[in-house]
J.: 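Below is one structure. I have some questions about it.
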Amino acid sequence: MEDEAEIYDGIRAQFPLTFGKQSKAQTSLEAIHNTTRRNTLATVSEKSSSAQNNNGLPSISSSSKAWLNSLRTSKNPNTHVSGDSGPIGITRDVDADDGPRIGPPRPPTELKLNDDSDDNDDDDAMVGPPPPPPRGEGSDDDEDHDGEMIGPPRPPPRSNLDDSDVEEEEYEENRYRIPQSNEIVLKGHTKVVSALAVDHTGSRVLSGSYDYTVRMYDFQGMNSRLQSFRQLEPFEGHQIRNLSWSPSADRFLCVTGSAQAKIYDRDGLTLGEFMKGDMYIRDLKNTKGHISGLTCGEWHPKNKETILTSSEDGSLRIWDVNDFKSQKQVIKPKLARPGRIPVTTCAWDREGKSIVGGMGDGSIQIWNLKPGWGSRPDIHVENSHSDDITALKFSSDGTILLSRSLDGSLKVWDLRQIKKPLKVFDDLPNNYAQTNIAFSPDEQLFLTGTSVEKESQTGGLLCFYDRTKLELVSRVGISTTSVVQCAWHSKLNQIFATSGDKSQGGTHILYDPTLSERGALVCVARAPRKKSVDDFEAKPVIHNPHALPLFRDAPSRKRQREKILKDPLKSHKPELPITGPGFGGRVGVTQGSLLTQYLMKQGGMIKETWMEEDPREAILKYADVAAKDPKFIAPAYSHTQPEPVFAKSDSEEEDK
C-alpha cells in the first residue's frame with residue numbers, strides 16, 4: 001500500500017492542483033447540532049434552581065467541578081481496570097461509561113508478575129504522584145509543599161448524600177424527557193404568528209399570521225435555510241385565526257377574520273369556501289352561514305368530511321366539506337340574557353362525540369352529540385373566566401378539560417365534577433385571542449405560552465405543568481416576543497411554538513437529537529445546494545436594430561380603423577367645447593366679436609334682461625303664437641286631441 005501511495009503522489013504531482021474534483025470533508029452531524037444548541041441560561045427550571053440553592057459545596061476551580069461531576073455520574077466508583085496500552089504497574093480508573101477518570105490515580109495495589117517478581121521489585125519506578133500520607137502525618141509538610149500536589153483536591157465530606165440528591169433531581173428533570181436542547185426558527189412572517197398546524201405524519205407545517213398570509217413548510221424538501229415552499233393569502237385584509245389538518249392530512253381548513261372559511265388541499269390549492277349568511281335575518285338558525293368574522297375552527301378528529309367553526313355572531317356551526325352552500329347544524333349557546341355574545345373558541349374531544357365552546361362572557365358550554373340533540377348544552381359553567389376564553393382542550397380520556405383565557409390564567413377542570421376547577425395557574429399574561437394549550441404525547445404534561453407585557457423584562461415563555469401533581473415543572477424561554485401557539489408532536493417528539501409582535505414573527509422548533517425523530521433533524525442536516533460554475537450563465541448582448549423606433553416598421557392599424565368606423569359612438573366626432581370668454585356663441589376677449597357690440601353694451605343699449613325677467617312670463621308670452629301656429633307636437637294630434645277644459649277659479653270661493 002505504501003508503494004501505491006508513493007506512485008499516486010508522484011503521478012499527482014505532475015498535474016495542477018485544480019485538476020480533478022475537489023472534495024471537501026462533510027460536516028459532522030454533531031457539529032451541525034452544536035450550531036442549533038440552545039443556551040442553557042434560557043431554561044428556567046424550578047427543580048434546578050432549588051438544587052443550586054441547597055448545594056452547600058464551597059467555591060472550587062473548574063477542573064475540580066469537572067472531577068466532581070464525573071464522580072457523581074459514576075455508578076461504580078471503585079472499579080479498577082489495568083490499562084493495556086499503558087506501562088505495567090499503572091492502574092486506570094474507569095467509570096461505568098468506560099471514560100478515564102480525571103485526577104491522580106489511587107494508590108497502586110500489590111501487582112507482581114508471575115515470572116520476574118523478584119527482579120522487578122527493585123527496578124520498577126513509581127509513576128505519577130506519591131501516595132497520600134496517612135492521617136495525622138505530614139501536616140507540616142503539606143503546608144511547605146503545597147505546589148507538589150497534582151490533580152484536584154479531595155471531595156468534601158458527606159459527598160455520598162449530595163450525590164444521591166443530585167441524581168434524584170436529575171432524574172426528576174429528565175423524567176419528562178422534554179426535547180429542548182436544540183432549536184431552529186422558521187421565519188418569513190412580518191407579524192406575529194397566530195395559527196399553527198402540523199400534519200399527523202410530521203412532514204408539513206402550516207403557519208398563519210397577522211400579516212394575512214399562510215406559509216407552508218415541508219421538512220422533506222427543505223434545507224438548512226428553512227424557507228417555505230408556498231405562501232397563501234386566503235382573504236385580503238383578514239388575519240389568520242386558526243389552521244387545522246384533516247384526519248387524512250390531504251386537506252386543511254383555514255379560518256380567517258372573515259365570515260367564510262376556506263378549504264385547501266395539501267399543496268395549497270383552493271378547493272372551496274363556505275357560504276356567508278344573510279346579515280339581515282335575525283334568527284341565526286335560518287341563515288346559511290356565519291354573518292360575522294370567524295374566531296376558531298377545527299376539523300373532526302375521526303370524520304374527514306366534517307368541520308366545526310365558531311364566530312363572533314354568537315353561533316357554532318357544523319359543516320360538510322362536500323357542501324359549501326349550507327351548514328349541517330347550527331348551535332346557539334345558552335345565554336344569561338337575550339342578545340348576541342361571540343363564541344371565542346371551540347374544540348372537539350378526541351373521539352369527536354362532544355363539542356366545547358368558550359363564550360365571550362367567560363362561560364364554558366359542552367354539547368354531547370347524540371340522536372335528537374339540540375342547542376341546549378349538557379354542561380354549562382358560568383363565569384369560568386373573567387375575560388374572553390382563548391383556548392379549550394380535552395384530554396384523550398375525556399375526563400380533563402383545560403381552559404386558557406385573556407385574564408392571564410389557565411384552569412384545569414374535571415368533567416365529572418366541573419363546578420369548581422381542580423387547579424388555577426395564574427401569572428400567565430395573555431394578550432392574544434389565539435393563545436392555546438397543548439398536551440405532551442403521553443399527556444403527563446401540558447404546556448402553554450405567555451405574552452410579553454409592556455414593563456416586563458422577561459420574554460415569551462413556554463410553561464410546562466405536570467398533569468397528576470398539578471404543579472409547574474419548567475419554564476423555557478422561547479423569544480423576546482410573545483408566545484402564542486404551541487404544539488408537541490407525538491411522532492416527531494418535537495415542540496413547536498409560534499411567537500412575534502407587530503414587526504416580526506416566527507415558528508420555533510425545539511428538539512433533541514437523542515430523543516427526536518425526523519422533522520427538524522432532516523432539514524438541519526441537509527445543507528443547501530452548492531453553487532458551481534455551471535450555475536452562472538453569461539448574459540449575452542443581443543443587437544437588435546429593429547427594436548429601435550428609427551428602424552421599427554410601423555404596425556398596420558387598418559383593422560383597428562375599420563372597427564372604429566363601424567362603431568357609431570367612436571366614429572362620431574364630438575363638438576369641440578367653447579373655451580375662453582365669449583358672447584352669443586362667439587369667442588372674444590371683449591365679450592363681443594365687434595367693437596360696436598362692446599360699445600353698445602357699455603352704453604346701455606344692449607341689456608341682458610334674463611337676470612331680472614320672470615321665467616314664467618317669458619314662456620307665456622309665446623303661448624298665443626304657439627296656439628295659433630303650432631309647429632312640433634300639436635299638429636300630430638290636432639284631429640284627435642280633445643279640447644282642454646280648465647277649471648275657472650271663483651274669487652269668492654278663494655276668499656272663503
J.: What residues form a side-chain contact (heavy atoms from CB on, under 4.5 Å) with Ser292, not counting sequence neighbours?
T.: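 Ser311, Glu312, Asp313.
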J.: Thr345 and Arg241: side-chain donor and acceptor closer than 3.5 Å?
T.: no
J.: Look only at the side chain of Ser479 and the backbone of Gly460, and say whether a donor-acceptor pair between them is shorter than 3.5 Å.
T.: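 Checking the backbone N and O of Gly460 against the side chain of Ser479, no donor-acceptor pair under 3.5 Å is found.
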J.: Without hydrogens or angle criteria, can the side chains of Thr507 and Tyr217 be said to hold a donor-acceptor pair below 3.5 Å?
T.: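 No donor-acceptor contact under 3.5 Å links the two side chains.
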J.: Any Lys/Arg nitrogen of Arg204 or Asp199 sitting under 4.0 Å from an Asp/Glu carboxylate oxygen of the other?
T.: no
J.: Taking the side chain as C-beta and beyond, is there a heavy-atom pair between Met216 and Phe252 under 4.5 Å?
T.: yes
J.: Hey, does the side chain of Ser405 reach the backbone of Asp388 with a donor-acceptor pair shorter than 3.5 angstrom?
T.: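 Present.
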J.: Do Leu428 and Cys463 have side chains that approach each other closer than 4.5 Å (heavy atoms only, starting at C-beta)?
T.: yes
J.: Backbone N or O of Tyr432 within a donor-acceptor pair of the Thr435 side chain at under 3.5 Å?
T.: yes
J.: Indicate yes or no for a side-chain donor-acceptor contact from Thr36 to the backbone of Glu183 under 3.5 Å, with no hydrogens or angles considered.
T.: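 A pair under 3.5 Å: no.
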J.: State whether a side-chain donor-acceptor pair under 3.5 Å links Ser310 with Thr295.
T.: yes
J.: Have Ser354 and Trp348 got a donor and an acceptor in their side chains that come within less than 3.5 Å?
T.: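 Short answer, no.
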J.: Restricting to side chain to side chain donor-acceptor pair (under 3.5 Å), what partner residues turn up for Glu443, sequence neighbours left out?
T.: Ser396, Arg467
J.: Without hydrogens or angle criteria, can the side chains of Gln494 and His489 be said to hold a donor-acceptor pair below 3.5 Å?
T.: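 On atom types as modelled, these side chains do not qualify, holding no pair under 3.5 Å.
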J.: Passes side-chain contact (heavy atoms from CB on, under 4.5 Å), Ile355 versus Ile331? Steps please.
T.: CA-CA 10 Å; Ile355 294 173; Ile331 305 172; 4.1 Å; yes
J.: Has Arg266 got its NZ or CZ under 6.0 Å from the middle of the six-membered ring of Trp245, at an angle within 45 degrees of the ring axis?
T.: yes
J.: Does the separation of the ring centres of Phe235 and Tyr212 fall below 6.0 angstrom?
T.: no
J.: Does any non-hydrogen side-chain atom of Asp250 lie less than 4.5 Å from one of Asp265?
T.: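 No. Closest side-chain heavy atoms not under 4.5 Å.
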J.: Using a distance-only test with no angle check, is there a side-chain donor-acceptor pair under 3.5 angstrom linking Asp501 and Thr481?
T.: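 Absent: no donor and acceptor within the cut-off.
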J.: Less than 4.0 Å between a side-chain N and a carboxylate O, is that true for Lys411 and Asp426?
T.: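 Looking at Asp426 and Lys411, the cut-off is not met.
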J.: Taking atom types as modelled, is there a side-chain donor on Trp488 or Asn493 under 3.5 Å from an acceptor on the other?
T.: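 Yes - a donor-acceptor pair under 3.5 Å links their side chains.
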J.: Would you find a donor on one side and an acceptor on the other, under 3.5 Å apart, between the side chain of Asp512 and the backbone of Gln180?
T.: no
J.: Less than 3.5 Å apart, any donor N or O on the side chain of Thr448 or Arg404 sitting next to an acceptor on the other?
T.: yes
J.: What orientation do Phe324 and Phe274 show, parallel under 30°, tilted 30 to 60°, or perpendicular over 60°?
T.: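 Geometry flag for Phe274 against Phe324: tilted rings.
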J.: Determine the interplanar angle of the Phe219 and Phe496 rings, folded into 0 to 90°, and report it as parallel if under 30°, tilted if 30 to 60°, perpendicular if over 60°.
T.: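 Tilted, since the angle between the ring planes falls between 30° and 60°.
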J.: For Tyr210 and Gln434, test the side chains for any donor-to-acceptor distance below 3.5 angstrom and give the result as yes or no.
T.: yes
J.: Please confirm whether the backbone N or O of Leu392 pairs with a side-chain atom of Ser403, one donor and one acceptor, at under 3.5 Å?
T.: no
